Structures are given as C-alpha cells and as structure tokens.
Amino acid sequence: MAEDELGKHLQDLGIDLGSGDDVFEPSVPKASGLEPSLPVPGVVSGNPKQRCESFLVNLLLHIDPSFAVEVYEENRRELSAEVIGGNAGQLIGKNGKTLYALEHVTNAVVNSDTEAPRVHVDVDVAGYKRRRDDRLRELATKTAERVRKSGKPVELEPMTAAERRVVHIELARDRSVLSESTGAGSNRRVVVKPL
C-alpha cells in the first residue's frame, strides 16, 4: 500500500501520523454509547512497541471497544501483538485474510519512521495463528511420512508465504525429505520430495 493511501485510510480513522500530537481524538459513532467528546490518549510516535500498541488500541476502539491488545517485545527487531476479546471472527476474516491485512497495516504504521531500523510485528487474534501453525506442522509431519513411504513427491495446497515458512521450518528437521516452494502468486505451494 502506498504511503499516501495508508495516510488517507488512517486519516479517515482519525489517526494522523504526521501531527506529532500525543492525544488521539477519534470520532466515536453515537450508536456506540460512548461519549464522543472524550479524547482517547494515544502515542503515534515513540518506540516501535508504543506505536504498535497505540495504533492497534485506537483502531480497535473504532471497530469494537471490547477488544484488548497485549504487545510483547520478542527482541529488538520483533514484536508480538495479541488481540483478545470482542468478536475474533470479525478481525480474522475468511481464511485469515482480515488478520493478514491488519498485520500488514500495523507493520506499515510501526515502520513509518524510515530512519529507524525495521521491526516486524506479528499480530494474532485469539490464538488463531498459533492454532493454524500447529495444524501446518502436523500436516508437514504427515506429508513427510507419506513421502517416505511412497518415495514420490507430494504437492501441498497453495499457501501464503507465512504458512509455507512454517512448513519449511518443520520439514528442515526431517533429514529424509526436502521441501521447496513452487508456483507463482496465490498459487505458490510447497512440494515435499524424498532425499
């Protein structure tokens, strides 16, 4: 997403990254039952963890005030954000597409300071990604077993880059098979081959 487009979308939500203000005042719909004149404190500047937490809290306030966010610093270049409460399906979307979009926009906001080192933010909603990764690791293990027994390559269904990465990491532990990605775009998939 181009920086101008991101700025426009965030501005539509009442978030101005260029203002440097330490107070964020959203326009809360009257139907929400919240007092629209109350400012919501938020930091859109500061360290990456502060930018991440501020952005997600303020964005989710607009979607559903019952969401809560916990942000953890995994290391200097990686943050994890866990969203809990509210209607998780609303943020996950079909096959996780809304969640991936939320993660993409969150990374764009956190890394809007082009002078600072890039930080990756992993956003999860109600443990969706954790459960998905467990299923992918199980699929990888079963596929490796199938390849060992048959001696023939097995091609998996198309996956996102993050999903393929989980499968490759799991299969790297198994010295009897080799995994590689093939295909292009949304048709990119993992092929597991015997060694």
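All of these numbers come straight from a predicted model, not from anything done at the bench.
Among pairs with a residue in residues 147-159, those fulfilling salt bridge (charged side-chain N to carboxylate O under 4.0 Å, His left out) read Glu145-Lys149, Arg148-Asp174, Glu155-Arg189, at least two apart in sequence or across chains. Sorted by first and then second residue, the side chain to side chain donor-acceptor pair (under 3.5 Å) pairs involving residues 79-94 (not counting sequence neighbours) are Glu74-Ser80.
Each of Val154, Thr143, Thr182, Leu156 was compared with Val190 under the side-chain contact (heavy atoms from CB on, under 4.5 Å) criterion, and only Leu156 meets it.
Within 6.0 Å of CZ in Arg165 there are 12 or fewer heavy atoms belonging to other residues, nucleotides or ligands. Around atom CZ of Arg131, more than 12 heavy atoms belonging to other residues, nucleotides or ligands sit under 6.0 Å away.
Between the side chain of Gln50 and the main chain of Asn47, a donor-acceptor pair closer than 3.5 Å is present. Judged by distance alone, the side chain of Arg188 and the main-chain N or O of Gly183 form a donor-acceptor pair under 3.5 Å. Looking only at distances, no side-chain donor or acceptor of Glu78 sits under 3.5 Å from a matching main-chain atom of Asn75. The main-chain N or O of Leu79 is never found under 3.5 Å from a side-chain atom of Lys49 such that the two would form a donor-acceptor pair.
For the side-chain contact (heavy atoms from CB on, under 4.5 Å) test, residues two or more places apart in sequence or in another chain that qualify with Asp133 are Leu136, Arg137, Val166.
The line from CZ of Arg173 to OG1 of Thr141 is 9.0 Å long, rounded to the nearest 0.5 Å. Residue Leu102 holds its CG atom at 6.5 Å from CZ of Phe55, rounded to the nearest 0.5 Å. Annotation: the span from Asp124 atom CG to Glu70 atom CD amounts to 13.5 Å, rounded to 0.5 Å. Here Arg175 contributes atom CZ and Leu195 contributes atom CG; the two are 9.5 Å apart, rounded to the nearest 0.5 Å. Put simply, CG on Asn95 and CD on Glu163 are 8.5 Å apart, with the number rounded to the nearest 0.5 Å. Asn111 CG to Thr106 OG1: the interatomic distance, rounded to the nearest 0.5 Å, is 10.5 Å.
Here the shortest heavy-atom pairing between Leu171 and Ala144 reads CD2-CB, 3.8 Å. Considering every non-hydrogen atom in both Pro153 and Pro194, the closest pair reads N-CD, 4.0 Å. Summarising the geometry of Ala81 relative to Leu56, their closest heavy-atom pair is CB-CD1, 3.7 Å, with the distance given to 0.1 Å. The two residues Pro48 and Val110 have their closest heavy-atom pair at CB-CG1, 3.8 Å.
By the rule that hydrophobic residues join a cluster once side-chain heavy atoms approach within less than 4.5 Å of another member, Ile63 and Val105 end up as members of one cluster. Val121 and Tyr100 are not part of a single hydrophobic cluster, where members link through side-chain heavy atoms under 4.5 Å apart. Val167 and Tyr128 fall into different hydrophobic clusters, defined by Ile, Leu, Val, Met, Phe, Trp and Tyr side-chain heavy atoms under 4.5 Å apart, directly or through other members. Ile84 and Leu61 are assigned to two separate hydrophobic clusters, defined by single-linkage of ILVMFWY side chains at heavy-atom distances under 4.5 Å. Taken together through direct or relayed side-chain contacts under 4.5 Å among Ile, Leu, Val, Met, Phe, Trp and Tyr, Leu99 and Met159 form parts of separate hydrophobic clusters.
Within the 4.5 Å cutoff, no side-chain heavy atoms of Lys193 are placed close to those of Val147. Under the 4.5 Å side-chain criterion, counting only non-hydrogen atoms from C-beta, Ser181 is in contact with His168.
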